[in-house]
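Structure first, commentary second.
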Amino acid sequence: SAVISQKPSRDICQRGTSLTIQCQVDSQVTMMFWYRQQPGQSLTLIATANQGSEATYESGFVIDKFPISRPNLTFSTLTVSNLSPEDSSIYLCSALRGDRASIAKNIQYFGAGTRLSVL
Amino acid sequence: LAKTTQPISMDSYEGQEVNITCSHNNIATNDYITWYQQFPSQGPRFIIQGYKTKVTNEVASLFIPADRKSSTLSLPRVSLSDTAVYYCLVGSMYNQGGKLIFGQGTELSVKP
């Protein structure tokens with residue numbers, strides 16, 4: 001398995017500010033993803049973090065609101081910009097390891113999540 | 001993308017076997033069936049995956065009929081610590097390019 005560390009684990013932010021969440025994997029991975037999970041709800045994919053290029057966003061999510069960086073094969077950041085109370089949620093990153101078996105079966109590993117509250 | 005349908009919630013008691021069934025009528029030839037478990041305040045954790053027939057590991061068993069239109073996750077002798085949300089996912093790298101599409105999940109509550 002892969003160990004994924006997310007920072008911060010939780011934060012309380014003011015409306016209009018931004019929060020950057022870091023995701024660090026303990027080994028090189030091929031793909032990294034960012035998800036949002038509203039309280040009591042399932043996970044929704046925000047984007048695929050592409051190494052060395054712009055992230056690929058899902059419908060309903062835009063780069064200006066959720067800029068993502070992935071400078072190398074083990075690290076990615078998600079910024080939630082211009083915060084509003086509607087952004088209060090849990091944000092999770094996941095990673096797909098690079099070994100052939102993991103890629104074929106798409107077995108992913110998740111961080112513990114970042115709980116964001118916007119006042 | 002194959003859509004999955006599973007019960008929203010289930011209750012059980014310690015020591016019982018729990019079976020959670022997931023329907024996926026539109027499963028594609030290349031798709032795997034994967035189950036994740038999520039505890040409160042944690043990210044989902046992979047527990048088991050199968051393509052057809054039966055798969056068993058140290059945590060659970062996965063039963064898949066020949067038509068693959070459904071699957072059943074079996075948790076033997078559950079304990080209080082098995083209280084979690086269980087997600088059934090259907091897909092493959094070929095069809096979805098790595099994306100995981102989560103349905104609503106089944107909230108399992110194990111009581112003493």
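Below, all heavy atoms of this structure are taken into account, side chains as well, without hydrogens, waters or symmetry copies. Per chain, numbering begins at 1; letters A, B, ... match sequence-line order.
Exactly one of Ile46(A), Thr114(A), Ile21(A), Leu43(A) qualifies for a side-chain contact (heavy atoms from CB on, under 4.5 Å) with Leu92(A). That residue is Leu43(A).
Ser117(A) and Ser88(A) are not linked by any side-chain donor-acceptor pair at a separation below 3.5 angstrom, with hydrogens and angles left out of the test. Neither side chain, Thr79(A) nor Ser81(A), offers a donor N or O lying under 3.5 Å from an acceptor on the other.
When heavy atoms are compared at a cutoff of 4.5 Å, Tyr51(B) does not approach chain A at all. Contact of Ile90(A) with chain B is not made at all, since no heavy-atom distance falls under 4.5 Å. Heavy-atom distances place the side chain of Gln49(B), and not its backbone, under 4.5 Å from chain A.
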Listing, residues 100-112 of chain B side-chain donor-acceptor contacts under 3.5 Å, not counting sequence neighbours, or none:
unit_1	atom_1	unit_2	atom_2	d
Gln104(B)	NE2	Gln6(B)	O	2.9
Thr106(B)	OG1	Gln6(B)	NE2	2.9
Thr106(B)	OG1	Pro7(B)	O	2.5

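Heavy-atom pairs under 4.5 Å with chain B were tallied for Gln108(A), Arg115(A), Glu58(A); the largest tally goes to Gln108(A). Considering only heavy-atom pairs separated by less than 4.5 Å from chain B, the leading option among Ser9(A), Cys93(A), Ala112(A) is Ala112(A).
Residues passing the ring pair (Phe, Tyr, Trp, His ring centres under 6.0 Å) test with Phe39(B): none are found, sequence neighbours excluded.
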